[in-house]
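Remarks on the structure that follows.
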Amino acid sequence: MPVMFLMATMGLYLAGTVFFLAYLLRRSEALSKVALGVTAIGFLSHTAALVTRMTEVGHVPFTSFDEAMSFFSWALVLVFLGVELRHRIHVLGSFILPLALLSLLSAAALPKEVPTLEPVLRTVWVHVTLSMLGTVGFAVAFVAGIMYLIQDGLLKSKRFNVLYAKLPPLDFLDRLNQQSILMGFPLLTLGIITGAISAEFARGSYLNWNPEQTWALVTWVFYFAVLMGRITVGWRAKRAAYLTIIGFAGVILTFIGVVVKGHGPVA
Amino acid sequence: MDIIVVGLSHKTAPVEVREKLAVPDSRLGEALCRLCAYQGVKEGVLLSTCNRVEVYAVVDQVEAGYARVQEFLADIHLSLSSEQLTPHLYWYTGDRAIGHLFRVAASLDSMVVGESQILGQLKDAFEVALAHKASGVILNKLVKKAISVAKRVRTETRIAEMAVSVSYAAVELAKKIFSNLGDKTVLLVGAGEMAKLAAQHLIRNGVRRVMITTRDSHSALELAKRFNGVPVPFDEFQRELSEADIVLCSTGAAHYLIRSEDVQRAVRQRMNRPIFLIDISVPRNIDPAVKDIDNAFLFDIDDLEMRVEQNREERRREAGKAERLIEQEVDVILHWLKSLEVTPTILALRRRAEEIKRAELERSMGRLGHLSPEERSVVEGLASAIVNKLLHGSLVTLKTEAESAGASLFVEAARRFFNLDDAPAADRVTEPGRPVRPVPVAGYADPEQESSEQVQEKDS
């Protein structure tokens, strides 16, 4: 069942991505409605996949990396639909949906295994959920950063094309960037703390400097600096956009670190 | 019974002629009464703005109607003769007249294509016509339809979305940098006309704080009063730059008033909050090197004009869409007009009665079972007699009123009483060969004539 739902979700996200990208380049507003509709149905199917999987394994399905990625993709679309509902910035979908599709595909590409959770790791899902939600915040900030740089470039070079018409105002993007980090940062902080506690239970030490932990800490320090920099020395607008794009690269490295470790359970 | 329009507009007549014909609001009612007093003129609506004077009328005969209306127009101003008017006038009837009204309402015929004032002016003209009972069934329907068509054009095309004046282009750009203009501050440098207009537009779009600086401190005070703003001394306004989110610069100075380092300092003080600078002066007053500073967005007069040109292009494209939409709507109205003619209504009425009679007879016959042929014909005769007697009065009235002024009223009433418009549409005579395209009027507004969004129909 969950596999069927996941396949359907992938198809729908793919269609949504295609429609959203077409929307980006065409004048038609109708396209955004189709894209949104497809995405919303995809999201429902994704939710169904997660729920059926949960009833199947009997707990929150974060036993392996691919499930975490699927959850990440789900939460990303959730956040997009939330922002869309409030601000009606359809063009955000043109950037977020490809990302959601990509993470879902990478989840599917990874080997499927259902590792039995060791009793000590039963609470590990708290750590994964929090870290993943934090990452979703950084992903949205990343997308906002890219959109900011594009709009900034178009304004500077005075190219008033379709993209210029569709992208939201600069300060909206800057605010979206800031708020996404403000949302992501505390979640990541809690994620790291719970991760450290899990590690203590599992391996007897809070921190053992494996690649994943190292990069997680580096990421945390980086985003902390980004947040502080905005308040104290005005790291906003273009600089904030650049920084969040670099920061997200760090996040992706963390993910790779987890995969390189070569086993399912995340801790 | 025909619909005609006779009039002139900015496309056919110079302002010297238009201003003579323009009827002030206070005299509209009287003019309409005079119009409807002409023989053969059944209904009339007079649309008078500074860009057009047009008479829409329902007349008995097209040619005579044209002549009457032209006479009426010439009578508006003493110094004008009917002959003098002829070269400036256009005359349309039928589908072309309807198409013209729709295009005017949708602002496709305006000097600034897509501007919205004309719709309000049409509504006002219609109100006056209603108040003086100058418009009747046909023009009422037509003008209401024109208003709804205009709204459809507005929502379904992007014809009115884009700025087509330099001063408004500044607002459009500002909205791509700032999502909420309400908490932004504008610094107006110099008292150039275009910058003042832009400031006005910005204020209308939510900007509340305005700072003003001019070389002549007196005019700064004056402008400050006008915009409810704060005057800033001219020799040190560069230091206030960081306070401003939007800088509008338009002075007669021959050198740069705002240098690159001024903006650099301002951006630093603003902690990298974007600053939007518009230089409408020629020669330029803001150092073009400012464009290389991060988070400072400088646009000069050429940039704004380029934007306006693009938008005009876009509006023209959208106008094409609007024309197609109008074609459809003209079809709808023609259909309705056809239905108002007496003959199809009489036919439809008869057919309707016949249908009801037959259906009821069939039902009753089924229930009665075995009837002899004589009994059958008695029952059928009874049904026919009732139907015919009931219809007789209505049919006679329709026929006798066919030539009267109220014909369309009677037809409309008959169609509603007998629910004829819900019946199968077979009775609606359509002429497949008849072209129903709206009037193709050559060319659009001359871009040179329009220097700002202010140039709109109601300004005079």
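Quick note on labels: first sequence line is chain A, next is B, and so on, each numbered from 1.
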Sort [X] into side chain, backbone, both or neither according to what part of it lies under 4.5 angstrom from a heavy atom of chain B.
X: A/I231; result: backbone
X: A/L167; result: backbone
X: A/A240; result: neither

Checklist entry - Where is the tightest heavy-atom contact between A/L155 and B/F299, given as atom of each residue plus distance? => result O-CZ, 3.6 Å
Item to check | Those residues that, when tested against B/E261, pass side-chain hydrogen bond (donor to acceptor under 3.5 Å, both in side chains) (two or more places apart) | outcome: none
Which donor-acceptor pairs fall under 3.5 Å between chain B and chain A:
residue	atom	partner	partner atom	Å
B/K176	O	A/L170	N	3.0
B/K176	NZ	A/Y164	O	3.0
B/K176	NZ	A/A165	O	2.8
B/K176	NZ	A/L167	O	2.6
B/I177	O	A/L170	N	3.4
B/I177	O	A/D171	N	3.0
B/S179	N	A/D171	OD1	2.7
B/S179	N	A/D171	OD2	3.2
B/S179	OG	A/D171	OD1	2.9
B/S179	OG	A/R175	NH2	3.4
B/M271	O	A/R236	NE	2.8
B/N272	ND2	A/G234	O	2.6
B/K291	O	A/K156	NZ	2.7
B/I293	O	A/K156	NZ	2.5
B/D294	OD1	A/K238	NZ	2.9
B/A296	O	A/K156	NZ	2.5
B/L298	O	A/K158	NZ	3.0
B/D303	OD2	A/K158	NZ	3.1

Checklist entry - Considering only heavy atoms, which portion of B/I293 lies under 4.5 Å from any heavy atom of chain A: side chain, backbone, both, or neither? => result backbone
Item to check | Heavy-atom contact with chain A under 4.5 Å, split by part of B/L173 | outcome: both
